Amino acid sequence: MEYTDKVMEHFMNPRNIGEMENPDGVGKVGNPSCGDIMELFIRVEDDRVTEASFRTFGCGAAIATSSIITEMVKGKTLQQALEITNMQVAEQLGGLPDTKLHCSNLAADALKEAIEDYRRKQDDPNAE
Amino acid sequence: MEYTDKVMEHFMNPRNIGEMENPDGVGKVGNPSCGDIMELFIRVEDDRVTEASFRTFGCGAAIATSSIITEMVKGKTLQQALEITNMQVAEQLGGLPDTKLHCSNLAADALKEAIEDYRRKQDDPNAE
Amino acid sequence: MRRIYLDHSATTPVHPRVASVVNRYMLADYGNASSVHSFGEAARKALIRAREQVAGLIGAEDREEIIFTSGGTESDNLAIKGAAWYNRKKGKHIVTSAGEHHAVLHACKALKRHGFRITEVGVDSEGRVDPDEVADAIEDDTILVTIMMANNEVGTVQPVAEIAEIARRHEVLFHTDAVQAVGQLDVNVSELGVDMLSISGHKIYGPKGVGALYLRKGTRIRSQQHGGHHERNMRAGTENVAGIAGLGEACALAEEELKFRRSHMIRLRDRLLDGLQESIEGLHINGSRDERLPNNANVSIAGVEGEAMLLGLNAEGIAASSGSACTSETLEASHVLSAMGMKPELAHASVRLTFGRENTEEDVDYVLQVFPGIVSRLRSMSPLDY
Amino acid sequence: MRRIYLDHSATTPVHPRVASVVNRYMLADYGNASSVHSFGEAARKALIRAREQVAGLIGAEDREEIIFTSGGTESDNLAIKGAAWYNRKKGKHIVTSAGEHHAVLHACKALKRHGFRITEVGVDSEGRVDPDEVADAIEDDTILVTIMMANNEVGTVQPVAEIAEIARRHEVLFHTDAVQAVGQLDVNVSELGVDMLSISGHKIYGPKGVGALYLRKGTRIRSQQHGGHHERNMRAGTENVAGIAGLGEACALAEEELKFRRSHMIRLRDRLLDGLQESIEGLHINGSRDERLPNNANVSIAGVEGEAMLLGLNAEGIAASSGSACTSETLEASHVLSAMGMKPELAHASVRLTFGRENTEEDVDYVLQVFPGIVSRLRSMSPLDY
Ligand SMILES: Cc1ncc(COP(=O)(O)O)c(C=O)c1O
Ligand SMILES: Cc1ncc(COP(=O)(O)O)c(C=O)c1O
């Protein structure tokens, strides 16, 4: 279960942590029983993600993937953001241990949920 | 399979080895397939064992028991000699390892055979 | 960087006195104990001495009641499978508990393929087995009860003597996995009334890869590893002389130090638990507070995942462990915490700190100094309340 | 007194380089390889390195093909029982030879209780297995052939590649016990075409109580020891990190020294055999003279019992072994010599001298100087002719 230096760097100094005030989209994945819960918040302007932040209950990999995706997504169009895969996130971190690859590598899923949440709100501005 | 010092002393410096010329009795026990063959020769005068010698193919215990019984028996009456047990031989050596106690501790048996051989010859002086 | 090892229930450093014994049998008296010559004799003597040392520590009457194995896992497997196969004609039912080590649970599970039935009695919220439940679980064809002496995760000590008494009353063999208890608690096979008891070297400052099974005189089991006639035909394989001599020395050391170890570790443990409870909100102590291994502190810290805490602690030089899914090979939270009825989010939030003879109060104070900061940092990014 | 160790097939001294690796993992990097923290990481790295060292020595493609065990006996048991149980629905027949080590023969015997059938092909007067006999012994429901690479008593090297080819042609798994071959012969699992291969640490200047099983990728067997998820679920139990690291180092050393060892030991062995033949009447060389382990000299000396010779040699400081009944726990003469058709009195009269890397020509000359005297002394009290 060896983490790369990049993973440890993001774990020790995670970027963009915390709940966002009035986010444009929120994605939640995982659940307590499996040991990982990830919340991703995004702000969207002109169809681009301008800001992202996260709150994560989870292992080192879960925290590092959350952290790095908030950097990866910044400035990307929604379409580009949707194309980010969990695999790419892991690659950006210099790889993840096998077991982590399959279980704590959920950041891209959270991002997708956040974008869908944003789009849903766009379609129905009154929705909570 | 630890031998006592006494066993090793008799193994290294066995007493009374070799075939006896014109013995009064010969006892043979053991067989090649079990790994021990013991021949005990005795000379008898006035119903007493005056001399004994042995030839043995066998392990350290077999050689040491052969050696010591030739000393133990010297000067004993035939009746006394017949009363010597394998256990007593082992005791005289300060004990034998368990496995040896049951398999290579045949000297008293050889002595009995030698005495029987002597008596047989006494009964029938022409017998070979 | 300061490094503080607080994972002694996972494994211990080999004591220098033990290591020097091991070295002697690696480098000088390296003979095979089956050999006739003087090298073999030295090896045989080492085995006898080690058998006496192990027997001495656990109050066995006869050194021949000690069978050396490759570790606690093998001891458990040999006891359970050995007893099961030997007694299969008497019955095919085994009673164990949900809180046992995997070496016990999975050995039992392996027997299921062969038609044995296993009853796992539960544990309460502190991880304790109720002797009455064991009594109720025993059936006509029960051949073995196996309940550990002390739990490796939460440190809860089981009422083993009482359960052994129940087993004896039902004429059922009783085995206990004492891998964590030995060297910390008074372990006396006569007083406990056990038929079989497992020991592991590396939990008591001995080498890894060596252990022992106490097998009460007259107790018959079937050997599980076949080959030469080693260990009174109960366990084939060239004896690991150096490792066994090391285990023996570790047992002698444990006997000498037992009182010191217990009081020393209880002091450190309680200092840590009290300190953590004061400085960290939402902290829950896992396991029994009273019937507890001297060296075990196990807590759940609401809202913070276990592996993340371990990484944080490790970055500060502190080595600990966790029952979180992320630290297990099965990716499931600790089966012990689950059996205790703990909610998953708390099970994933558990941290175990286990002391050793070389730890100091300064170590505890250092942990108390850095741990709250780690927790608040992780909580600052956690979506869970506490 | 001069002490000369000539019993390297029984066990070898641990090489100082190996011992220093073992010490590192006993005293400094003592972590449990399952732990998250840095102590655990150091242990995990040690396992990876050792796996590569073992794989390197035997030409395994992938380090994951190496499963660490507690020794050669466990490797043999795991291979044979593991393959048998995994494939029991395909068939219940196993082919082996009469000259195998007891770890193989008794593992097979244990399977008989569970309805498996075992065919033991014979060996010729030199201890060799005839590949054609193996081919003939394979039946429709044969699931495994296990034939050792080199015999531990008489040193005879078996035509393993040829037999492996036969097994493959019949789509039957092939295992070889290479405990004595490794470190002396070129052992390359690809060239040999074996599916499984057993190794033991203490025969190659590594520690006792550690071994390995090579398990070709894709070969499925059933684990025999249950507990944690160690060794890719093939062998539960906290990894013996120090021992495994030592085994790895011993393999690296063997790879470096292989050529030297072989030529060095062949020279010593032949010097001894030639010298003995010249100086002792009625001497018979056991095993093949050509297809023979470099380090093995095994002779029978008519009229002199083996243990007695060992004691005589030991008194002169020479450590050797024998196939005589008196040196076995079963009190039967060597099953290998018997299988070779040797008369009991010659089997009981056998002595094995096995060389190691540290032996010298002076050692041989010393043996040649004292051995004839020991023989004539014992012959002077023997009733048997020669
Ligand atoms: C309670 C308990 N039983 C059994 C074992 C297994 O022992 P070993 O690590 O020697 O295989 C352990 C430790 O891992 C343990 O804590
Ligand atoms: C050919 C052979 N196989 C298996 C073994 C058993 O290995 P171990 O001594 O490591 O149990 C040995 C040595 O005793 C051996 O020589």
Side-chain angles (χ1 to χ4, degrees), chain A residues 1-5 7-20 23 26-41 52-70 96-107 110 113-114, chain C residues 1 7 10 282 284 300-335 337-339 341-351 370 373-386:
Chain A
M1 187 181 320
E2 262 53 77
Y3 287 134
T4 62
D5 290 347
V7 170
M8 284 311 294
E9 204 270 317
H10 273 272
F11 170 75
M12 293 304 288
N13 306 294
R15 327 294 197 256
N16 309 306
I17 59 175
E19 204 169 350
M20 188 181 281
V26 182
K28 286 195 199 186
V29 293
N31 68 62
S33 75
C34 74
D36 281 308
I37 306 173
M38 210 177 268
E39 290 180 6
L40 199 79
F41 308 91
S53 75
F54 76 94
R55 290 201 312 185
T56 291
F57 169 87
C59 65
I63 289 172
T65 51
S66 307
S67 166
I68 203 166
I69 207 167
T70 63
L96 282 175
D98 260 11
T99 51
K100 301 297 177 177
L101 213 48
H102 301 124
C103 86
S104 305
N105 190 8
L106 305 167
E113 295 258 337
Chain C
M1 190 181 62
D7 202 7
H284 179 260
S300 283
I301 299 178
V304 200
E305 197 275 337
E307 195 218 55
M309 278 191 279
L310 297 192
L311 293 175
L313 288 166
N314 188 53
E316 303 283 358
I318 299 165
S321 81
S322 165
S324 110
C326 287
T327 63
S328 86
E329 314 89 338
T330 51
L331 301 173
E332 277 165 27
S334 150
H335 72 283
L337 298 176
S338 304
M342 181 167 280
K343 281 187 297 184
E345 50 270 53
L346 275 183
H348 291 300
S350 71
V351 177
V370 303
I374 294 166
V375 169
S376 42
R377 197 175 75 78
L378 290 169
R379 275 182 174 161
S380 75
M381 48 183 126
S382 171
L384 296 184
D385 295 330
Y386 53 95

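Chain letters run A, B, ... following the sequence lines, proteins first, then strands; residues in each count from 1. Everything quoted here is computed from the prediction, not taken from an experiment.
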J.: Is a side-chain donor or acceptor of C:Ser350 paired with a backbone partner of C:Gly323 at a separation under 3.5 angstrom?
T.: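 At least one qualifying donor-acceptor pair exists.
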
J.: Mind listing the closest non-hydrogen atom pair of C:Ser300 and C:Met342 along with its distance?
T.: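 The answer is OG-SD, 3.8 Å.
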
J.: Give the member of C:Ala333, C:Gly303, C:Ser380 that has the highest number of heavy-atom pairs under 4.5 Å with chain A.
T.: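 Among C:Ala333, C:Gly303, C:Ser380, the one with the most close pairs to chain A is C:Gly303.
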
J.: Counting heavy-atom pairs under 4.5 Å with chain A, which one of C:Leu378, C:Leu310, C:Val304 comes out on top?
T.: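 Among the listed options, the one with the most contacts to chain A is C:Val304.
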
J.: Find out whether A:Arg55 and C:Met381 are in side-chain contact, i.e. whether some heavy atom of one side chain is under 4.5 Å from a heavy atom of the other.
T.: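 Answer no - side chains too far apart.
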
J.: Any side-chain heavy-atom pair from A:Asn13 and A:Arg15 closer than 4.5 angstrom?
T.: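 The answer is yes; the side chains approach within 4.5 Å.
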
J.: Measure C:Leu384 against the heavy atoms of chain A and call it side chain, backbone, both or neither at under 4.5 Å.
T.: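 The answer is the side chain of C:Leu384.
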
J.: Restricting to non-hydrogen atoms, name the atom on A:Ser66 and the atom on A:Phe54 that form the minimum distance, rounded to 0.1 Å.
T.: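 That closest heavy-atom pairing would be CB-CD1, 3.3 Å.
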
J.: Could you tell me whether the side chain of A:Asp5 and the main chain of A:Met8 form a donor-acceptor pair under 3.5 Å?
T.: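 It does not hold such a pair.
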
J.: Among C:Ala347, C:Ala308, C:Gly306, C:Gly312, which has the most heavy-atom pairs under 4.5 Å with chain A?
T.: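 Between C:Ala347, C:Ala308, C:Gly306, C:Gly312, the count favours C:Ala308.
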
J.: Under 4.5 Å, heavy atom to heavy atom: which of residues 56-65 of chain A reach chain C? Give them by number, or say none.
T.: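 The stretch touches chain C at A:Thr56, A:Phe57, A:Gly58, A:Cys59, A:Gly60, A:Ala61, A:Ile63.
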
J.: If I compare all heavy atoms of A:His10 with all of A:Ser67, which pair ends up nearest, and what's the gap?
T.: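 What the structure gives for the nearest pair is ND1-OG, 2.7 Å.
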
J.: Select, from C:Lys343, C:Arg377, C:Met309, C:Glu332, the one with the greatest count of heavy-atom pairs under 4.5 Å involving chain A.
T.: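 Heavy-atom pair counts peak at C:Arg377.
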
J.: Just by modelled atom types, is the A:Gly18 backbone N or O under 3.5 Å from a matching donor or acceptor in the A:Ser53 side chain?
T.: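 Side chain of A:Ser53 to backbone of A:Gly18, a donor-acceptor pair under 3.5 Å: yes, one is there.
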
J.: Tell me, for A:Met12 versus chain C, whether the close heavy atoms (under 4.5 Å) come from the side chain, the backbone, both or neither.
T.: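 Its backbone and side chain both get close to chain C.
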
J.: Does C:Glu305 use its side chain to pair, donor to acceptor, with the backbone of C:Glu307 at less than 3.5 Å?
T.: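 Yes.
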
